[in-house]
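Everything on this sheet refers to the single structure shown next.
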Amino acid sequence: QLQLVESGGGLVQTGGSLRLSCAASGSTFNDYVIGWFRQAPGKERELVSCIRINGGRFKYVDSVKGRFTISRDNAKNTVYLQMDSLKPEDTALYYCAADYYPPYEYRDSDYLCLGEYDYWGQGTQVTVSL
């Protein structure tokens, strides 16, 4: 099975930056969409961004567009989330997750991030001071 480990969280001031990493192992990296999710206390878990490893198509939610950048390094089986211009409302536990989506499958662009995420990392905390 696939294992995912997040890292890179921390405490930053408003306007600062962090880069989160999601390292995958145990399965074929190219067969997945990797999503970044976050959950703040008292709030629902929400999708932040996702990227299909095969081909690199990606999406962002509106609240992070222009500030966050998702990318992949296939040689390292790692997906990154570069977070710039951080705001207090970005404070959350951030998770990466994997949706099985092998290269021979097709999904319309609007549905890129909307698959079944069966594998999850342990989470990494991002805290943005006021």
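Using a 3.5 Å distance cut-off with no hydrogens or angles, the side chains of Ser27 and Tyr119 do not pair a donor with an acceptor.
Checking Asp90, Asp84, Asp62 one by one against Arg67, the salt bridge (Lys or Arg N to Asp or Glu O under 4.0 Å) holds for a single residue, Asp90.
Ring orientation note: the planes of Tyr32 and Tyr100 are nearly perpendicular, at an angle over 60° on the 30°/60° scale.
Taken to the nearest 0.5 Å, the OG1 atom of Thr127 stands 13.0 Å off from the CD atom of Gln13. Distance check: Asp73 CG to Thr78 OG1 gives 6.5 Å after rounding to the nearest 0.5 Å. A distance of 8.0 Å separates OG in Ser85 from NZ in Lys87, rounded to the nearest 0.5 Å. To the nearest 0.5 Å, atom CZ of residue Arg45 and atom CZ of residue Phe37 are 6.5 Å apart.
Within the 4.5 Å cutoff, no side-chain heavy atoms of Gln82 are placed close to those of Ser71. Two residues are said to be in side-chain contact when any heavy atoms from C-beta on lie closer than 4.5 Å; Cys96 and Val79 fail this criterion. Under the 4.5 Å side-chain criterion, counting only non-hydrogen atoms from C-beta, Leu20 is not in contact with Arg38.
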>> Gln125 vs Thr91, test: side chain to side chain contact (heavy atoms under 4.5 Å, CB included). Steps then yes/no.
In response: CA-CA 8 Å; Gln125 179 67 38; Thr91 295; 4.0 Å; yes
> Would Phe29 and Leu2 satisfy side chain to side chain contact (heavy atoms under 4.5 Å, CB included), going step by step from the backbone distance to the final call?
Replying inline: CA-CA 9 Å; Phe29 192 48; Leu2 187 69; 5.7 Å; no
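The two atoms that bring Ile53 and Arg72 nearest to each other are O-NE, 2.8 Å, heavy atoms only. Pairing each heavy atom of Val5 with each of Gln122, the nearest pair is CA-OE1, 3.6 Å. Pairing each heavy atom of Ala40 with each of Ala92, the nearest pair is N-CB, 3.8 Å. The minimum heavy-atom distance linking Leu112 with Arg107 is given by the pair O-NH1, 2.8 Å. Closest of all the heavy-atom pairs between Arg52 and Tyr101 is NH2-CE1, 3.3 Å. The two residues Pro88 and Ser129 have their closest heavy-atom pair at CG-O, 4.0 Å.
The backbone N or O of Thr124 sits nowhere less than 3.5 Å from a side-chain atom of Glu6 that would complete a donor-acceptor pair. For Ser21 (side chain) and Tyr80 (main-chain N/O), no donor-acceptor pair under 3.5 Å exists by modelled atom type. The closest donor-acceptor contact from the side chain of Glu46 to the backbone of Glu44 lies at 3.5 Å or more, if one exists at all.
Hydrophobic cluster membership is shared by Phe68 and Ile70, with clusters built from Ile, Leu, Val, Met, Phe, Trp and Tyr side chains linked at under 4.5 angstrom. Hydrophobic clustering (ILVMFWY, side-chain heavy atoms < 4.5 Å, transitive): Ile34 and Tyr117 are in distinct clusters. Both Val33 and Tyr95 are members of a single hydrophobic cluster when ILVMFWY side chains are connected at heavy-atom separations under 4.5 Å. Cluster membership check: Trp36 shares its hydrophobic cluster with Leu86, using side-chain heavy-atom separations under 4.5 Å among Ile, Leu, Val, Met, Phe, Trp and Tyr. Cluster membership check: Leu47 does not share its hydrophobic cluster with Leu4, using side-chain heavy-atom separations under 4.5 Å among Ile, Leu, Val, Met, Phe, Trp and Tyr.
Under the ring-ring contact (aromatic ring centres under 6.0 Å, His included) criterion, Tyr94 pairs with no residue at all, not counting sequence neighbours.
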